[in-house]
Structure formats: structure tokens, C-alpha cells
Chemist: 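Pasting a structure here, questions to come.
The structure displayed is predicted, hence computed values, not measured ones. Numbering of ligands and ligand atoms starts at 1, following listing order.
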Amino acid sequence: MSTAGLDLLLITGVRAVDPARNLDGNVDCVVERGVITRLGKDAISAELRASERAVHFDGRGKLLLPAFVDLHAHVREPGEEYKEDIRSGLRAAAHGGFAHICAMPNTKPVNDKRSITEAIVARAREVGGPTLHPIGAITVGQLGKELTEVADLRDAGAVGISDDGRCVMNAAVMRRALQYAETFDIPVIQHCEDHDLTEGAEMHEGRVSTELGLRGWPAVAEDIIVARDVLLAESTRAKYHVAHVSTRGAVRIIREAKARGIRVTAEVTPHHLLLTHDAVVGYRTACKVNPPLREEADVLALQAALADGTIDAIATDHAPHSVLEKDCEFAEARPGMVGLEFAISLMFQLVSQGKLPLARLVDALSTSPSKIIAIEPPTLKEGKVAELVLFDPARPYLVGNLVSKSENTPFLGQTLQGRVLLTLARGELVHRLD
Ligand code: NCD
């Protein structure tokens, strides 16, 4: 990316928050040739300050955070590059403060074999910027029948397996997938939807679906799969991860499973934390998403579960679609929303409203997701390659002019509070707001 190549970066008087290090305090930060060389009070010597090669940032009123890690993004390459590609997806990630993103396998063709995983990794390396970690498919073609060669996928760079977009409905297949993945200690990421219960569904089943006359997706279709899979995870001792949790019932099951020591983790999206099915009123296709936007009680349960750590991570489920796929009848519209560029700006609202401690937000966007896919978490520590974000909580952000190729989000045109000013990934400056 063109912004790379900073020789010396000086950030003065910034509030640094890194829960992995128990850090929350005002510091100066020095990044030299991509490495954090000093972090602390008065860390910038007069000599450094006077250096001609230094780029200065005034950190007053701003936050210095470890860069973010997204467990769940659709970058659409190979096959649907008109919606997004690896280059535009990684640029969008950089704009949103992400140094790492996981790419879901529901591409065309599906990422279900080594050659495809390798091609994705090679393309991402060529593009540069944030690191892309592929997620391989659980089953060949995501058809739910035959397991993929997980060892091959893992060797080629896959950090987890998932049939995201489809649920692994067959319990025997899911059990074998968990057993298989356990031998490599990689997570099995489930899209929890009983397709028999959601056939033809267009939105959450409830008051609004009745008013609008749209076919409903009952919450129990998610709960039932989470409950079954938790039992399978218990008996196989595998790492099981619930993608985009959306119901209070699923939250309850995950909480109980964790209390019983089962290796279950979970992620939630910004849109499920902020919006309810009422947003669909007016047949707004921008609000059509899988799983669907739920009820107020679900949103409150998700917020509480994120705050208390029952839900480990925030993931965007960045799902770009073209105008043609959204500007149509509700039934025809494709589900999904983009979210990489402004996830932190949306989520900071929860901090401002006192619903989420800042340290937990940072953990959910950075440290926890890193642990789930077993990568080294970005951290604000001297000697580490810089993967960090400078965020200005006071800077308004009018959602629009996205660097993503698609703009399908209900937040388009809204002014949010807070914006990423700088992102460093792998020691390189991958985003700088002018
Ligand atoms: C996803 C997509 O578009 O790939 N859409 C979404 O609404 N989350 C896949 C899916 O989960 O249906």
C-alpha cells in the first residue's frame, strides 16, 4: 500500500489502552522503522523530537490501541470481484483499524482446497497491508456432505474452517469435522441456522415480519444448532466458535457451556448489537442480513454478553453486495452489510453510553479474536512490530465514500462519532486519514 515506509513516527500525549498488558494511561509512543521502540511517559527525547525524518502526531484527546482483528469478512475474491476483491477489502480493513482479517470461504469457487487457499494467500501478500487469514470450508463446495482436507487447508494458511452462509446441518458431519479439526487444534466456525426452520425466510420472525407480511426466521433456528453443537464440542473437546450470535437463547446456551468448561467461543456483529427488526420497516433491503436483525431483548442480551465476556469477540461479517443486489424487491435482495471501515466508530457508541468498558471493547476487537485463531495478538509493547491504531473519539464520521467497492449498509449517510486516524499493520502505515 502506498502509505507504507514511515521511518520515524512520534505520537505525543496519547491515552494508550491495551488490556492484554493491563495498560491504560497517558504516554508518548515512538515507532522506528516499523517497531515500537519506546512507549511511556516522556518517551520522546529532544533529539528524536528534533529529528527531520520524524512524522509527529499530537495524541491529545485520542486513543492509541492495538490494531484490530476481524474473524469474519467476505472479500469475494475469487469470483465476485465486482462486489469486493482482496485489494479493496484489505484497504477497507486498514481504514477501519484492522491489521488482520479472516476471509470467509463462500467465494466462487468455494475455498475448499489447498490450491485456492494458496492463491488467496499469495494475492493478499502481493497486495500488502493488513494480513489476510483464509478460513477454509468445512465441507466440499459447502454442500454439507464431504469433509475437506483440513490438513492441506491449514498448511496453506487457513486458521479455521467454516461453511459460513450455510449451516452444517448433518450432526454426523459436524461431529467428524470437530474431531478432525481437534487434531490440528483449529476452530470450527459454525453459521448456526437450522435451514429446515428458515426455509424461505426473509427476516426475523416476530411482530415486524407479521406487519410487513414477510416470511420469518425464528430465533429458535439459531438456538437449536448452538445447543446441538455445544454438546458435540463437549464430547469431541474440539474448539467450537459460534459466528454472528444474534439471539438471547444462543447467548444463554453459550454462557452455560462456558461455565461447564466447554471450549466454545463466540462473536457478535456491530449491527446485531445496535439494530432491531424495526429497522427493516419500509422493506429496507440494506437491513436484510443473515442472521436477521432481532428484537430489543436480544440486542440487550448481546450487549450484556459482550460486556461480561460471554461473547468473546466483535466481528464485522463484512458482506459486500452490489447496488443491483440490494436495489430490488425485498425477497430478491441478497443478505449482508459492509462494516469494516466503521466498526470501531459504531462500537464506540457503546462505550460512550456506558454499556461497554473501553478495555473490553479493545479486547473484543483485538486480543480475544487473535487468541481464537491462534495468532500473536497485536500489542502496545516496546520491541514489537507496530500493529496499532490511533483513534479520535471526537472526530465525526459521515458514513459514505467508502473504499470498499460496495456501500450496502443501513448506516450510510449517518454521522458517527469517532474515526480511525492511523493504522499500522506489520509495522507499516497502511492508513492515514488526511
Ligand atoms: C453473507 C454473505 O453475503 O456472504 N451474508 C450475510 O448476510 N451475512 C453470508 C450469509 O451468512 O448468508
Chemist: Within the distance-only criterion (no hydrogens, no angle test), does the side chain of Gln190 pair as donor or acceptor with the backbone N or O of Val168 below 3.5 angstrom?
Modeler: yes
Chemist: Between the candidates Lys83, Met337, His191, which shows the shortest non-hydrogen contact distance to atom 11 (O) of ligand 1?
Modeler: His191
Chemist: Between Thr423 (side chain) and Val430 (backbone), is there a donor-acceptor pair under 3.5 Å?
Modeler: no
Chemist: Tell me whether Arg360 contacts the main-chain N or O of Leu306 through its side chain, where contact means a donor paired with an acceptor under 3.5 Å.
Modeler: yes
Chemist: Under 4.0 Å from a heavy atom of Asn106: give me the atoms of ligand 1 that qualify, with their elements.
Modeler: 2 (C), 4 (O), 9 (C)
Chemist: For ligand 1, indicate whether the residue Arg76 contacts it via side chain, backbone, both or neither (heavy-atom separation under 4.0 Å).
Modeler: side chain
Chemist: Would you say that Val280 contacts Phe330 through its side chain, given a criterion of any heavy-atom pair below 4.5 Å between the two side chains?
Modeler: yes
Chemist: For Asp317, counting its heavy atoms only, list the atoms of ligand 1 lying under 4.0 Å from any of them.
Modeler: 8 (N)
Chemist: When the ring planes of His72 and His244 are compared, do they come out parallel, tilted or perpendicular, using 30° and 60° as the limits?
Modeler: tilted
Chemist: Side chains of Asp164 and His74: any donor to acceptor distance under 3.5 Å?
Modeler: yes
Chemist: What are the atoms of ligand 1, with element, lying closer than 4.0 Å to any heavy atom of Gly165?
Modeler: 9 (C), 10 (C), 11 (O), 12 (O)
Chemist: Can you tell me which residue among Arg207, His277, His204 is in a side-chain hydrogen bond (donor to acceptor under 3.5 Å, both in side chains) with Glu295?
Modeler: His204
Chemist: Specify the protein heavy atom at minimum distance from atom 1 (C) of ligand 1: its residue, its atom name, and the distance to 0.1 Å.
Modeler: His74 NE2, 3.8 Å
Chemist: Just by distance, do the side chain of Arg21 and the backbone of Leu380 share a donor-acceptor pair under 3.5 Å?
Modeler: yes
Chemist: Taking only heavy atoms of His321, which atoms of ligand 1 are found under 4.0 Å from at least one of them?
Modeler: 3 (O)
Chemist: I need the atoms of ligand 1 closer than 4.0 Å to a non-hydrogen atom of Val289, numbered in the order shown.
Modeler: 7 (O)
Chemist: Just need the protein heavy atom nearest to atom 7 (O) of ligand 1, so name the residue and atom and give the distance.
Modeler: Asn290 N, 2.9 Å
Chemist: Please confirm whether Glu193 approaches ligand 1 to less than 4.0 Å, judged on its heavy atoms.
Modeler: no
Chemist: Among all the protein's non-hydrogen atoms, which is closest to atom 5 (N) of ligand 1, and how far away is it?
Modeler: Pro335 O, 3.2 Å
